[in-house]
There are 2 protein chains.
Amino acid sequence: MNNIKLTIEYDGTNYYGWQRQKDKITIQEAIEVAIASITKETIEVIGSSRTDAGVHAKGFVANFKTNSSVPPKRFREALNTKLPDDIVIIKSEEVNDDFHARYNAKGKTYEYNLLNTEAPSALLRNYSYHPKYDLDVDAMKEAAKYFVGTHDFIAFRSQGSSVKGTVRTIFDLKVEKKDEIIKISVTGDGFLYNMVRIIVGTLIEVGRGKNKPQYIEEIIAKKDRKLAGFCVPAKGLLLKEVYY
Amino acid sequence: MNNIKLTIEYDGTNYYGWQRQKDKITIQEAIEVAIASITKETIEVIGSSRTDAGVHAKGFVANFKTNSSVPPKRFREALNTKLPDDIVIIKSEEVNDDFHARYNAKGKTYEYNLLNTEAPSALLRNYSYHPKYDLDVDAMKEAAKYFVGTHDFIAFRSQGSSVKGTVRTIFDLKVEKKDEIIKISVTGDGFLYNMVRIIVGTLIEVGRGKNKPQYIEEIIAKKDRKLAGFCVPAKGLLLKEVYY
């Protein structure tokens, strides 16, 4: 049996997230259907994470086991001919039998795009969020520093997750302004439910002057979800890379 | 009567181009319907150019005359609440009575995005073209120089246009590679039907080694459409700016 690792780019706009759901179209299901049509097996694809409805990915990782004689590297093109054009396999390769896309993930980088213009954007409407505030990027950069490190991020988690530990390590959190976009990139060993989107909402409240950058320290220490910012919309979020 | 100039961003994916057509949804119609719902007048919007189905714009310009008492700058927000989210008014302003978005245009900048990767892109599928060749960007940059200047561009025009003169001036033509995208930006005083898309197709044939950069000079001199390259798909094209 071969263990195949897939690197996947997708536009999440038209899907109910990664994870298979009853009666709702998801990316996992689309890929499982495409694989089955090639291998004639019933297989399960293991994803590196669940992404919510509307979230996008450039480097999502998944794996599946197959007895098919299709050469591992050939799955890329074979699957791309079966998949809708908003899901693309960037790479397919054989990996060790014990590789597991979720359990073996050592870290991930997410990006969030804020549109910093007066008018909204027609072209970026599905790939950014338009907060309608003038944002102080320097204050946001200053605030970003307080997130880096190993902390209990329970204040930055939405309800509805069954994960037990809430301590995570953020290796890097960058805020960069380029033309009309403020891009927030965050790399960590793992993320709680909605954690990236709540961090971005918290940075916006600093950027619009509602809170001082130093307030991040207090939110983390007090472990209170109510002190952190709002959960920004899914559409501005992109899973950039998964590290193993 | 006020003459109102609109600067418009749109995602052309779901429209049959700018120009009003019978039984087909166009951007001009969507904007005229939105204006009429505010002013209660029957008005005609004059666009700076016709863009084809699937072509996008960041700085399309249009104008219309109205007796409405809506302050000119307020049309932006008023129209944006009426328009679908793939058409956005970036700016609305009062202009001289004799301003005409098409006749007064002195020049335009278009951009074309080529995807220079092995796999296609899910996220850029509607905003780029994926030529499937390895492209020599330096050769394309060299070829680009031959287009600049005042020439008869009849070899770079599709049939179906009724415009008489075929001499145009290209002020600037840049080829830039950034990550996975080769961006071609062209500024000129005007463009023949499909001219930008045929120029890009001609540059691709240089980039893949089919023709030498110097061959552009010969195509221009021989005025023969058959010597120029193919017309690349509309979806990679963006009208960036119109100059007055």
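Chain letters run A, B, ... following the sequence lines, proteins first and then strands; every chain starts at 1. None of these values were measured; they are calculated from a predicted model. As a basis for the values below, the full set of heavy atoms in this structure was taken, side chains included, without hydrogen atoms, waters or symmetry mates.
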Just wondering, are more than 12 heavy atoms of other shown residues or ligands nearer than 6.0 Å to OH in B:Y16?
-> no

For chain B, which of A:D85, A:T13, A:I90 has the most heavy-atom pairs under 4.5 Å?
-> A:D85

A:N80 portion near chain B, given a 4.5 angstrom heavy-atom threshold | side chain

Run the salt-bridge test on A:K91 and B:E118 with the 4.0 Å N-O cut-off and return the result as yes or no.
-> no

Give a yes or no on whether B:K240 atom NZ has more than 12 heavy-atom contacts from other residues, nucleotides or ligands under 6.0 Å away.
-> no

Do you know which of A:G12, A:A119, A:A57 has the most heavy-atom pairs under 4.5 Å to chain B?
-> A:A119

Flag side-chain contact, heavy atom, 4.5 Å: A:L123 against B:D86 | no

Segment of A:L238 engaging chain B (4.5 angstrom heavy-atom cut-off) = side chain

Would one find more than 12 heavy atoms of other residues, nucleotides or ligands at under 6.0 Å from atom CZ of A:F171?
-> yes

Please check if the side chain of A:E9 supplies one atom and the backbone of B:A122 the other of a donor-acceptor pair under 3.5 Å.
-> yes

When the 4.5 angstrom heavy-atom criterion is applied to A:S121 and chain B, the contacting part is both

More than 12 heavy atoms of other residues, nucleotides or ligands under 6.0 Å from OH of B:Y244: is that the case?
-> yes

Among B:H56, B:K58, B:R76, single out the residue with the greatest number of heavy-atom pairs under 4.5 Å to chain A.
-> B:R76

